[in-house]
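The structure appears right after this line, and notes come after that.
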Amino acid sequence: KSKAQMFDANHVKVTFKDVAGLDEAKEEVEEIVDFLKNSKKYTDLGGKIPKGVLLVGPPGTGKTLLAKAVAGEAGVPFFSMSGSDFVEMFVGVGAARVRDLFKQAKEKAPCIIFIDEIDAIGRSRGKGSMPGSNDERENTLNSLLVEMDGFGTDSGVIILAATNRPDVLDSALMRAGRFDRQISVDKPDINGREQIFNVHLKPIKVSKDVNAKELATQTPGFAGAELANVCNEAALIAARNNKPAVEMDDFMAAIDRVIGGLEKKNKIISKEE
Ligand code: ATP
């Protein structure tokens with residue numbers, strides 16, 4: 001298997017319309033879309049286009065979706081990898097993957113590199129939690145820093161990285177010329193939840209009693225991924241009961257089910273601690 005298969009450089013179809021609620025974050029990434037589309041406009045005036053932008057927020061809030069939408073809006077390839085893909089026990093593999101990723105991206109510029117869970121490689125050095133693999137992780141982080149420093153701001157490659165643990169990141173990552181911009185991608189408020197429901201209700205056959213606003217009031221604390229999950233579960237519940245359309249009580253049952261799933265997950269997490 002060639003390493004190239006790890007990266008999805010296909011042109012993406014996701015656009016800002018698919019990302020609901022995150023108005024402030026969307027406004028900030030709109031600038032990045034323009035950097036990718038019209039880089040010359042900025043560099044001609046001597047401006048330095050940012051190389052790295054950190055998307056910070058809890059799981060399931062749409063960080064990956066937003067990064068894809070940036071690529072989709074700009075019409076550029078999207079290289080995606082998860083921080084945990086770089087972490088290998090074998091000496092040199094993580095660092096080699098980083099170099100390979102940047103090499104491919106530079107050839108396809110302008111483009112986006114998206115690194116999910118950057119904390120898996122970007123934890124501050126010397127404070128790792130996995131004894132034995134620390135040196136290797138540090139090698140990988142160092143090669144990421146070297147690669148980021150090694151290309152010019154006019155290369156057309158912009159790196160977006162996501163984390164829900166900005167507190168553990170090595171400060172070297174956030175230095176000028178690296179991930180020196182942060183965008184927060186928070187859990188939606190009631191209006192955001194209504195907008196996210198409106199996106200995810202679209203493909204679902206719902207009965208007249210189904211109301212996005214009411215669903216939003218019933219789901220405080222839910223992230224976008226959980227709301228998408230509620231819509232899907234509701235459809236499955238209604239279908240199993242042979243209904244011609246999904247009704248409000250199916251959504252209520254789905255909300256209970258998603259809350260149940262979350263509680264189970266939290267129990268497992270607290271057991272581990
Ligand atoms: P993680 O940190 O766990 O990787 P994430 O923040 O990257 O999560 P995504 O993977 O982007 O979250 O979200 C998962 C799915 O949840 C999306 O593909 C989408 O279906 C739905 N979703 C999440 N947030 C939104 C949103 N703001 N608008 C519409 N859909 C959303």
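Counting convention: from 1, in listed order, for ligands and their atoms alike.
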Shortest protein contact, [atom] (heavy atom only):
{"atom": "atom 7 (O) of ligand 1", "result": "Thr64 OG1, 2.6 Å"}
{"atom": "atom 22 (N) of ligand 1", "result": "Gly224 C, 3.7 Å"}
{"atom": "atom 16 (O) of ligand 1", "result": "Ala225 CA, 3.1 Å"}
{"atom": "atom 12 (O) of ligand 1", "result": "Gly62 N, 3.2 Å"}

Verdict with reasoning, Ser207 to Glu247, per side chain to side chain donor-acceptor pair (under 3.5 Å): CA-CA 5 Å; Ser207 79; Glu247 292 165 7; 5.1 Å; no
Pull out every atom of ligand 1 sitting under 4.0 Å from any heavy atom of [X], numbered as shown with elements.
{"X": "Lys63", "result": "2 (O), 5 (P), 6 (O), 7 (O), 11 (O), 12 (O)"}
{"X": "His200", "result": "19 (C), 20 (O), 21 (C), 29 (C), 30 (N), 31 (C)"}
{"X": "Ala20", "result": "26 (C), 27 (N), 28 (N), 29 (C)"}
{"X": "Asp18", "result": "28 (N), 29 (C)"}

With a 4.0 Å heavy-atom cut-off (strictly under), which part of [X] contacts ligand 1: side chain, backbone, both or neither?
{"X": "Ile196", "result": "side chain"}
{"X": "Gln195", "result": "neither"}
{"X": "Asp116", "result": "side chain"}

Any Lys68 heavy atom less than 4.0 Å to ligand 1: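 Per 4.0 Å heavy-atom rule, Lys68 does not contact ligand 1.
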Sub-4.0 Å heavy-atom approach of Asn164 to ligand 1: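 No; Asn164 lies far enough from ligand 1 that no heavy-atom distance drops under 4.0 Å.
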Polar proximity ligand 1 side, Gly60 side, N/O cut 3.5 Å exclusive: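 Among all N and O atoms of Gly60, at least one is under 3.5 Å from an N or O of ligand 1.
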Test of proximity, Leu65 against ligand 1: N or O pairs below 3.5 Å: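 Yes, since at least one N or O of Leu65 sits under 3.5 Å from an N or O of ligand 1.
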Electrostatic pair [X]:[Y] at N-O distance under 4.0 angstrom:
{"X": "Asp249", "Y": "Lys243", "value": "yes"}
{"X": "Asp34", "Y": "Lys41", "value": "yes"}
{"X": "Arg181", "Y": "Glu31", "value": "yes"}
{"X": "Arg97", "Y": "Asp85", "value": "no"}

Heavy-atom side-chain contact between Ile115 and Leu144 under 4.5 Å: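 Yes, side chains in contact.
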Min side-chain heavy-atom separation Phe86-Met81 under 4.5 Å: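 When only atoms from C-beta onward are counted, Met81 and Phe86 do touch, with a gap below 4.5 Å.
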Cation-pi, Phe114 ring and Lys68 (6.0 angstrom, 45 degrees):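 No; the conditions do not both hold, so Lys68 does not lie above the ring face of Phe114.
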Glu107 atom CD, neighbour heavy-atom count above 12 within 6.0 Å: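 Counting other residues, nucleotides and ligands, CD of Glu107 exceeds 12 neighbours.
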Straight-line distance of Thr163 OG1 to Leu169 CG, nearest 0.5 Å: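 The CG atom of Leu169 is 5.0 Å from OG1 of Thr163, to the nearest 0.5 Å.
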